[in-house]
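Remember, predicted model here, so these are calculated numbers, not experimental data.
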Amino acid sequence: MITQVTKGIKISVQTSFEGTFFKNYKMHYAFGYTITIENQSKDAVQLTSRHWKIYDSLNDMETLDGEGVIGKKPVIQPGDSHTYNSGCLLTSPIGAMKGFYNMVNFSNSDKFRVYIPTFKFSAPFALN
């Protein structure tokens, strides 16, 4: 598990290889990830949007921006956490993701970024 803390918000990431399939005459590699966002600060915060950089060893980096996570903009109280599952399709068996969440502190309306550490994807058969 990969973890990082920014301004009292702890991000933990666990990845998994989900399998392969053909799409448009190309092999694709499916990876899953579970992210837990834990509020270790003294203030309630809300996740408003996300920014991802997706690295595929056979392609250029892809940048993705969006509102919330999986259709939600969770409010996380001090001491609480929010966990969600998502996935990524790559055209190679090795890749990585990193990014950040845009957050709002409810006590002072400050906007801030919480960084998501780089987490790697690798199909078991691609490892030495």
Side-chain angles (χ1 to χ4, degrees):
M1 182 175 295
I2 305 293
T3 62
Q4 183 169 328
V5 179
T6 308
K7 295 189 178 188
I9 309 300
K10 180 180 178 183
I11 305 295
S12 303
V13 185
Q14 184 74 44
T15 63
S16 60
F17 175 65
E18 303 295 328
T20 60
F21 66 93
F22 278 96
K23 179 181 175 186
N24 299 331
Y25 304 103
K26 277 186 170 178
M27 177 70 82
H28 285 76
Y29 302 84
F31 295 93
Y33 57 90
T34 300
I35 295 185
T36 299
I37 305 162
E38 183 181 345
N39 186 353
Q40 298 177 335
S41 76
K42 59 181 176 51
D43 300 318
V45 297
Q46 182 176 27
L47 188 158
T48 58
S49 62
R50 68 190 183 284
H51 173 85
W52 288 113
K53 290 185 178 180
I54 304 168
Y55 302 91
D56 186 327
S57 65
L58 295 178
N59 285 309
D60 292 333
M61 179 198 64
E62 180 181 353
T63 301
L64 220 99
D65 291 291
E67 294 291 312
V69 289
I70 60 166
K72 297 179 182 174
K73 293 182 179 181
V75 174
I76 309 168
Q77 299 295 329
D80 285 348
S81 63
H82 177 78
T83 300
Y84 72 95
N85 299 300
S86 192
C88 180
L89 285 179
L90 302 178
T91 58
S92 71
I94 297 172
M97 286 178 67
K98 72 176 183 177
F100 59 83
Y101 298 123
N102 288 307
M103 309 281 274
V104 176
N105 181 320
F106 277 174
S107 69
N108 56 21
S109 299
D110 283 351
K111 295 179 181 179
F112 63 101
R113 286 183 178 172
V114 173
Y115 292 93
I116 305 160
T118 300
F119 53 97
K120 297 177 182 176
F121 298 121
S122 58
F125 55 81
L127 300 175
N128 289 339

Listed partners of F119 passing ring pair (Phe, Tyr, Trp, His ring centres under 6.0 Å), at least two apart:
Y33, W52, F121
For L58, is there any backbone N or O sitting under 3.5 Å from a side-chain donor or acceptor partner on D56?
yes
D80 and N39: side-chain donor and acceptor closer than 3.5 Å?
no
Closest heavy-atom pair and its distance - H51, T63:
CE1-CG2, 3.2 Å
Smallest separation among heavy atoms of T34 and T83, with atom names
CG2-CG2, 3.6 Å
Is the closest side-chain heavy-atom distance between M97 and C88 below 4.5 Å?
yes
Can you see which heavy atom on S122 is nearest to which on F17, and at what distance?
O-CB, 4.5 Å
Taking every non-hydrogen atom, the tightest pair across I116 and Q4:
C-OE1, 4.4 Å
Of all the heavy-atom pairs spanning E18 and G32, show the shortest one and how long it is.
CG-N, 3.6 Å
If we only count heavy atoms from C-beta on, is the F112 to N105 side-chain gap below 4.5 Å?
yes
Exercise: identify the closest heavy-atom pair between F31 and S92
CE1-O, 4.2 Å
Pairwise side-chain contact, D43 with P78, heavy-atom cut-off 4.5 Å (strictly under)
no
Find out whether the Lys NZ or Arg CZ of R50 is both under 6.0 angstrom from the six-membered ring centre of Y101 and within 45° of the ring's axis.
no
Do I76 and I37 come within less than 4.5 Å of each other through their side chains, counting heavy atoms only?
yes
Student check: side-chain heavy atoms of T91 and H28 closer than 4.5 Å
yes
Pairing donors with acceptors under 3.5 angstrom, does anything connect the side chains of Q46 and T48?
no
Give a yes-or-no answer on whether the side chains of N102 and S49 include a donor-acceptor pair shorter than 3.5 Å.
yes
4.5 Å side-chain heavy-atom contact, I9 and M103:
yes
